[in-house]
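Encoded as structure tokens, the structure appears first; notes follow it.
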Amino acid sequence: MRLCSIAVVALFFSLWVTQAFGQQQTPQLGLTSASSPAPSPTPIVFSAQTLADLKRLQEAALRSDYAYRQVAHLANNVGPRLSGSAQAAKAVEYVASELKAIGCEVQLEKVMVPHWVRGEETAALVQFPGQAENTTQKIVLTALGASVATPPEGLTSEVFAVKNFDELKALPREKVAGKIVLFNYPFDKQMAAEGRAGEAYGEAVVYRSDGPSAAARLRAVACLIRSVGGADYRLPHTGLTDYANDAPKIPAAAVTAEDADLIADLARQGLVKMKLVLTPQTLPEVESANVIGDIKGTEHPEQVIIVSGHLDSWDLGTGAIDDGAGVAVSMEAANLIQKLHLKPKRTIRVIAWMNEENGSAGSKQYAKDHGKENHFAAMETDNGAGHPIGIHIKGKPEVKKMLAPVAAVLQESGAGTLDLVEHCGADIEPLEKAGVPSFSPIQDSRFYFNYHHTAADTLDKIVPKELAENSVVVAVLAYALANMEQPLPR
Ligand SMILES: [Zn+2]
């Protein structure tokens, strides 16, 4: 098993290398000689000065520990930053003051956010085949974000498992009514190991978002899902559930992969009853903010390049990889541009988004307030802090060609791949949909979903060198976009 996955990974690495060499050999648009009598001269995309500055940024980012110090402060000193919490408010204050200190023009832009707080969360199997007298089996779980509560003393009911939506739909309503439904849909760890963790997540996460309402439509009294993630340490993964309007809201929690297998195994053998206590609360909305820090462009200040990550996090861990890292590398891009006294021609706008995890209120508010502005490009880092191998591009295929000289610079730190994709980031999605060319680092996310939304999303999961490599991608791309000699095609 182990050798097999290493071989697959090796294959992927060799593919990346091949791709990267291919890119290095393509003629650099930025270096077209003015004297060559080409019939239709290729327009210069990057000046020699810009390309030299990109190299300086790359070297400086690899030497700097600024990004690491930022994520360390957010994770260790501020802590978990769920929307509406005192820590989220403290994080807003902190990032604003840091961005001011490096010379950005800073705005706090008001966002009303949901305020959901976790309560008690316990579960035990109180009846099951082969049970020893006067015993129960503890079940490890965590409430899903937005979940409603059980009665304070809990509820006790039969629990049974289905593999997927089809299996649930095939059941008669009386089989489901009054029961606790468990969706035991596994996260595909092999797919993640092969470098397609995002796809594996996408396949499984629909049970977290839509499972509770699907169960409620058949009159289930509570819904459990198998945690969406890859680790084997009996850790539950939280995350938002999305109650539909046409179904009653029922309590919803994620059990660990191990506990999901346990329940499914016992339920196959006979009647299993669970006592479930979940006491989360939804409090009134709270005023919070997106933190916005601009370095104004010297030639086209009205043209904006967004460089961003989200400041809020789930509450179980300390939000280091999701997404303190994304905020930190975005801050680092601005920090390095200022430190090297570089002058971006277009405006570079660092945004620390609020409420990505449970509502995207920050993203929606920004789109409302700034939708009519001239956004040249948008970037978001929200896939952890693993080694980056290049850049995802949501845009016209020509964008990829234009950025070949940037890829050649990035290849020196192992990040020379340019890949066209359909989607780059949750917070920049409204801009993507409006046709703004969008970007995100391609990060090694083979291990990301082992920790994602768990108590183990903590600072130690970040390798400082890999974080710095992400800073390289973000800083180099941001400055390249700001100083391109041509507009990006739309
Ligand atoms: Zn995130």
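Counting starts at 1 for both ligands and their atoms, following the listed order. We use all heavy atoms of the structure for the numbers below, so side chains are in, but hydrogens, waters and symmetry mates are not.
The Zn ion (ligand 1) has no N, O or S atom of Glu356 under 2.8 Å away, backbone or side chain. Contact annotation: Asp322 places an N, O or S atom under 2.8 Å from the Zn ion (ligand 1).
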Going through the distances and angles, do Glu98 and His73 end up as a side-chain hydrogen bond (donor to acceptor under 3.5 Å, both in side chains)?
CA-CA 11 Å; Glu98 283 296 310; His73 187 90; over 6 Å; no

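A side-chain N or O of Tyr94 and one of Gln70 form a donor-acceptor pair less than 3.5 Å apart.
Expressed to the nearest 10°, the angle at the Zn ion (ligand 1) joining NE2 in His310 with OD2 in Asp382 is 90°.
Residues Asp188 and Arg196 fail the side-chain proximity criterion, which asks for heavy atoms closer than 4.5 Å.
A salt bridge is absent between Lys396 and Glu398; no separation between the charged side-chain nitrogens and carboxylate oxygens falls under 4.0 Å.
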